[in-house]
Amino acid sequence: QGNHYSINSTTEAYDYVDTVTLPYVDSYTISYTTCCRSLTIANITNPTSSPIYLEMVVYVDSTCNSSPTIPVHPYNYGIVNFAYVQGLNAYDLDGDSISYQLITPLDAGGILTQGYVLPPSAGISNNNAIFMMTTSSAGTYDICFKVTEYRNGNEIGHVMREMQIPFVIANNIDEPI
């Protein structure tokens with residue numbers, strides 16, 4: 001059973017934590033699907049018919065492994081024409097190497113979300129684990145990224161996070177608050 005809590009008036013979080021011992025098979029995929037994305041998403045055609053699908057993949061070998069943890073929750077909102085900057089700050093308890101990649105969000109069954117357009121300014125710096133985006137249009141933008149972990153240069157698993165970031169117009173300011 002997961003823990004559900006509100007970060008603020010616009011953000012909900014669900015934490016699922018457990019320790020499991022798995023018999024040897026090449027890999028396991030643990031996934032979660034929920035319906036549906038917000039009606040206000042600007043970069044997915046028909047978002048309400050598109051369920052959210054997240055997954056974690058673990059490659060099993062003879063060593064113990066903890067999946068990467070992404071402790072930071074997204075900020076409440078971005079401001080149109082100003083850079084939205086979010087530290088991703090994933091870490092791995094085993095000290096495995098981590099990389100970040102923006103990906104197309106997935107629908108139920110792990111199928112690519114149809115009608116998704118990654119905002120052109122969106123990007124992640126793997127050097128400092130920073131997500132940045134700027135837009136000139138108000139609206140809520142869906143962003144999905146994958147955190148992949150490596151041990152001795154070999155991929156040993158990944159986790160996904162999806163964020164829905166509202167961008168609002170703010171008048172009479174020089175800098176975002």
Item checked: Spatial distance of atom CD1 (I41) from atom CG (N46) [nearest 0.5 Å] -> 11.0 Å

Margin query: For the OG1 atom of T45 and the OH atom of Y116, what is their distance to the nearest 0.5 Å?
Written below: 12.0 Å

Margin query: Can a donor-acceptor pair be found, under 3.5 Å and without considering hydrogens, that links the side chain of Y150 to the backbone of S99?
Written below: no

Check: Is the number of heavy atoms from other residues, nucleotides or ligands within 6.0 Å of CD (E155) greater than 12?
Finding: yes

Item checked: Separation of Y59 OH from E149 CD (nearest 0.5 Å) -> 10.5 Å

Checklist line | Co-membership, hydrophobic cluster, residues I70 and M133, 4.5 Å side-chain | finding: yes

Checklist line | Steps toward side chain to side chain contact (heavy atoms under 4.5 Å, CB included) verdict (Y84, I143) | finding: CA-CA 12 Å; Y84 175 92; I143 302 297; over 6 Å; no

Next item on the list: Considering non-hydrogen atoms only, spot the tightest contact between F131 and A122 and give its length.
Entry: CE1-CB, 4.0 Å

Margin query: For residues V80 and I165: do they belong to one hydrophobic cluster (side chain heavy atoms under 4.5 Å, members Ile, Leu, Val, Met, Phe, Trp, Tyr)?
Written below: yes

Check: Can you name the nearest heavy-atom pair linking D92 to P68, along with the distance?
Finding: OD2-N, 3.8 Å

Checklist line | Chi angles and distances behind the side chain to side chain contact (heavy atoms under 4.5 Å, CB included) call for E55, H158 | finding: CA-CA 8 Å; E55 71 179 20; H158 71 258; 3.1 Å; yes

Check: Which distance, rounded to the nearest 0.5 Å, do you find between the CG of L88 and the CG of N128?
Finding: 9.5 Å

Note to self: With side chain to side chain contact (heavy atoms under 4.5 Å, CB included) as the criterion, how do V147 and R161 come out once you've worked through the C-alpha distance, each side chain's angles and the decisive distance to 0.1 Å?
What the structure shows: CA-CA 8 Å; V147 178; R161 171 166 285 174; over 6 Å; no

Item checked: Side-chain heavy-atom pair M132, T134 within 4.5 angstrom cut-off -> no

Checklist line | Which atom of I79 lies closest to which atom of A170, heavy atoms considered | finding: CG2-CB, 3.8 Å

Notebook entry, point to check: Do the side chains of F145 and M163 get nearer than 4.5 Å, heavy atoms only?
Noted result: yes

Next item on the list: Find the distance between OH (Y141) and CG (L118) and round it off to the nearest 0.5 Å.
Entry: 11.5 Å

Margin query: Please report the interatomic distance OG1(T135) to CG(N81), rounded to the nearest 0.5 Å.
Written below: 8.0 Å

Checklist line | Step-by-step side chain to side chain contact (heavy atoms under 4.5 Å, CB included) determination, L112 to L106 | finding: CA-CA 5 Å; L112 292 175; L106 303 176; 3.7 Å; yes

Next item on the list: Give the minimum heavy-atom separation between I130 and G87, together with the two atoms involved.
Entry: CD1-CA, 3.9 Å

Check: Which heavy atom of V57 sits nearest a heavy atom of S27, and at what distance?
Finding: CG1-CB, 4.4 Å

Check: Any side-chain heavy atom of D107 within less than 4.5 Å of one from R37?
Finding: yes

Margin query: Between E162 and D142, is there a side-chain heavy-atom distance shorter than 4.5 Å?
Written below: yes

Notebook entry, point to check: Does the side chain of P119 come within less than 4.5 Å of N43's, by heavy atoms?
Noted result: yes

Notebook entry, point to check: Going through the distances and angles, do T40 and S38 end up as a side chain to side chain donor-acceptor pair (under 3.5 Å)?
Noted result: CA-CA 5 Å; T40 62; S38 170; 2.9 Å; yes

Checklist line | Cluster overlap I98 with V159, hydrophobic side-chain contacts below 4.5 Å | finding: yes

Checklist line | Which atom of A108 lies closest to which atom of Y53, heavy atoms considered | finding: N-CB, 4.0 Å

